[in-house]
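Atoms considered below: every heavy atom in the structure, side chains included; atoms not considered: hydrogens, waters and symmetry mates.
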Amino acid sequence: MFTNNQIFAAPLAGITDKPFRMMIRKFAPDIPIVTEMISCHSLVEQHKNCIRNFDTYFDEGNIGAQIFGANATLMGESAKILEDNGAKWININMGCPVPKVATRAGAGAYLMQNHKLAGQIIEQVVKSVNIPVSVKTRLGWDEQHKNWQDLVRISADCGASFVILHGRTRAQGYFGKSTLDIKPNLPLPIIANGDIKNIEDIKKYYNLNYDGVMIGRAMLGQPWLFGELCGNHPNIDDTGNIVLEHLDYVINYYGVKQGIPMFRKHVAWYSAGMENSSQFRVKINQITDEQLLRNAIKEFWHIV
């Protein structure tokens, strides 16, 4: 599934939901995109309070669904559900550093400390589906335990197709600098992730022999970024109408009551760096009415 200059959109909790993925697709129809991470327990048990448990992906192109959990059987079952719902590949989260995942749930980055369980999970997921399976991980638990290369070899032995590597340890969280050295000789393709913002960063990792790159926080407020990086030259002169289109997707997906509060952060990112954006953000954070929010967006972006 790899080609030259492959650029992935990263899974970001609370960000890469279906509405935001639709916005990315508007500008970059072919890039690989990963969903928000999905709990294997929540998916298999079909928890109704988690709307993404009921997503289908048949119209989403090259979409990978990310799952997390510490139960190999449930991870396999959830991967099968996602395959049946149209996911093109599965990604196993072995890098999330937040305590509720990495410590209390024994999932995410915790699996960098328990390679036996990590291998069991990968093997079960691979066995359960007929689509590629990947692993997303970090350099290690902390500076003293940078054992990611061992996890890559285990992933290969258990049938994974590639690994996505974030250039921080679990202890770093999302702070400090993401640092990846030249890619060593390993049995799987490695996708570089962490602090990648522009074409210069992408070139740096290709020069370090990585097989692709994954971009995360740089896409906030600019879903057209992938189109620009892929040379599609998207027309973003009419940013206000792009924001309104994104709002339409959010309302259709979540409804007004849940959608408006969730969308405020996106409006803040879209407006960042613009004149009077600080005052605008204060204003929109008080709005709960859909029409008032639409009017505020139109006024800020001078839409007639």
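- Across R138 and P97, no two heavy atoms sit closer than the pair NH2-CG, 3.7 Å.
- The closest side-chain donor-acceptor pair between D142 and T169, if any, does not fall under 3.5 angstrom.
- Looking at every heavy atom in both residues, R25 comes nearest to I63 through NH2-N, 4.4 Å.
- Under the 4.5 Å side-chain heavy-atom criterion for ILVMFWY residues, no single connected hydrophobic cluster contains both W89 and F68.
- In F58, the CZ atom is crowded: over 12 heavy atoms of neighbouring residues, nucleotides or ligands sit closer than 6.0 Å.
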(message) For a side chain to side chain donor-acceptor pair (under 3.5 Å) check, start with the C-alpha distance between N85 and T56, then their side-chain angles and the critical distance, and finish with the verdict.
(response) CA-CA 5 Å; N85 286 341; T56 58; over 6 Å; no

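- Taking the ring axis of F263 as reference, the NZ or CZ atom of R294 does not stay both within 45° of it and closer than 6.0 Å to the ring centre.
- Rounding to the nearest 0.5 Å places CD of E60 at 3.5 Å from NZ of K18.
- Annotation: side chain of I31 is not in contact with side chain of Q6 (no heavy-atom distance under 4.5 Å).
- In the hydrophobic clustering of ILVMFWY residues, with side-chain heavy atoms under 4.5 Å counting as a link, V98 and I67 come out apart.
- At a cut-off of 3.5 Å, with distance as the only test, a side-chain donor of D238 or N241 sits close to an acceptor on the other residue.
- Cluster membership for L139 and V163, using ILVMFWY side-chain heavy atoms within less than 4.5 angstrom, is shared.
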(request) Could you please spell out the steps behind the side-chain contact (heavy atoms from CB on, under 4.5 Å) verdict for V126 and C158? (result) CA-CA 8 Å; V126 169; C158 293; 5.7 Å; no

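- There is a path of hydrophobic side-chain contacts, each under 4.5 Å, that joins Y249 to Y253.
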(message) Using the rule given for side-chain contact (heavy atoms from CB on, under 4.5 Å), can you reason through D289 versus L293, listing the C-alpha separation, both sets of side-chain angles and the distance that settles it, and then say yes or no?
(response) CA-CA 6 Å; D289 178 80; L293 180 58; over 6 Å; no

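- Taking the salt bridge (charged side-chain N to carboxylate O under 4.0 Å, His left out) definition, one finds that K26 meets it with E245, sequence neighbours left out.
- Follow the hydrophobic side-chain contacts under 4.5 Å out from V282 and you never reach I287; the two are in separate clusters.
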(message) side-chain contact (heavy atoms from CB on, under 4.5 Å) for I202 and I196? Distances and angles first, verdict last.
(response) CA-CA 7 Å; I202 293 170; I196 300 171; 4.0 Å; yes

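- Contact of the Y174 side chain with the R217 side chain is registered, since non-hydrogen atoms from C-beta on lie closer than 4.5 Å.
- Under the rule for a ring-ring contact (aromatic ring centres under 6.0 Å, His included), the partners of W301 that lie at least two apart in sequence or sit in another chain are F280.
- Surrounding NE2 of H47 are more than 12 heavy atoms belonging to other residues, nucleotides or ligands, all under 6.0 Å away.
- Judged as a side chain to side chain donor-acceptor pair (under 3.5 Å), and not counting sequence neighbours, the contacts of N295 are Q291.
- A donor-acceptor pair under 3.5 Å is formed between the side chain of D201 and the backbone N or O of K197.
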(message) What verdict does the side-chain contact (heavy atoms from CB on, under 4.5 Å) test give for N91 and F162, after you've listed the backbone C-alpha separation in whole Å, the side-chain angles of each residue and the deciding distance to 0.1 Å?
(response) CA-CA 9 Å; N91 182 251; F162 63 100; 5.5 Å; no

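- Annotation for E299: atom CD does not count as buried by contact number, only 12 or fewer foreign heavy atoms lying within 6.0 Å.
- The two residues N193 and M214 make their nearest non-hydrogen contact at ND2-O, 3.1 Å.
- Looking at D211 and Y205, their side chains never bring a donor and an acceptor atom within 3.5 Å of each other.
- Remark: side-chain polar atoms of Q46 are not paired, donor with acceptor, to backbone N or O of S42 under 3.5 angstrom.
- Judged by distance alone, the side chain of E36 and the main-chain N or O of G14 form a donor-acceptor pair under 3.5 Å.
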(message) One pair to check against salt bridge (charged side-chain N to carboxylate O under 4.0 Å, His left out): K80 and E83. What are the steps and the verdict?
(response) CA-CA 5 Å; K80 178 59 177 169; E83 178 185 35; 3.5 Å; yes

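- Two residues are said to be in side-chain contact when any heavy atoms from C-beta on lie closer than 4.5 Å; F300 and M274 meet this criterion.
- Tested against V135, the residues I122, I90, L111 include a single side chain to side chain contact (heavy atoms under 4.5 Å, CB included) partner, I122.
- Note on ring orientation: taking the six-membered ring where Trp is involved, the planes of H266 and W269 are perpendicular (angle over 60°, cut-offs 30° and 60°).
- Exactly one of T137, V133, I164 qualifies for a side chain to side chain contact (heavy atoms under 4.5 Å, CB included) with I92. That residue is V133.
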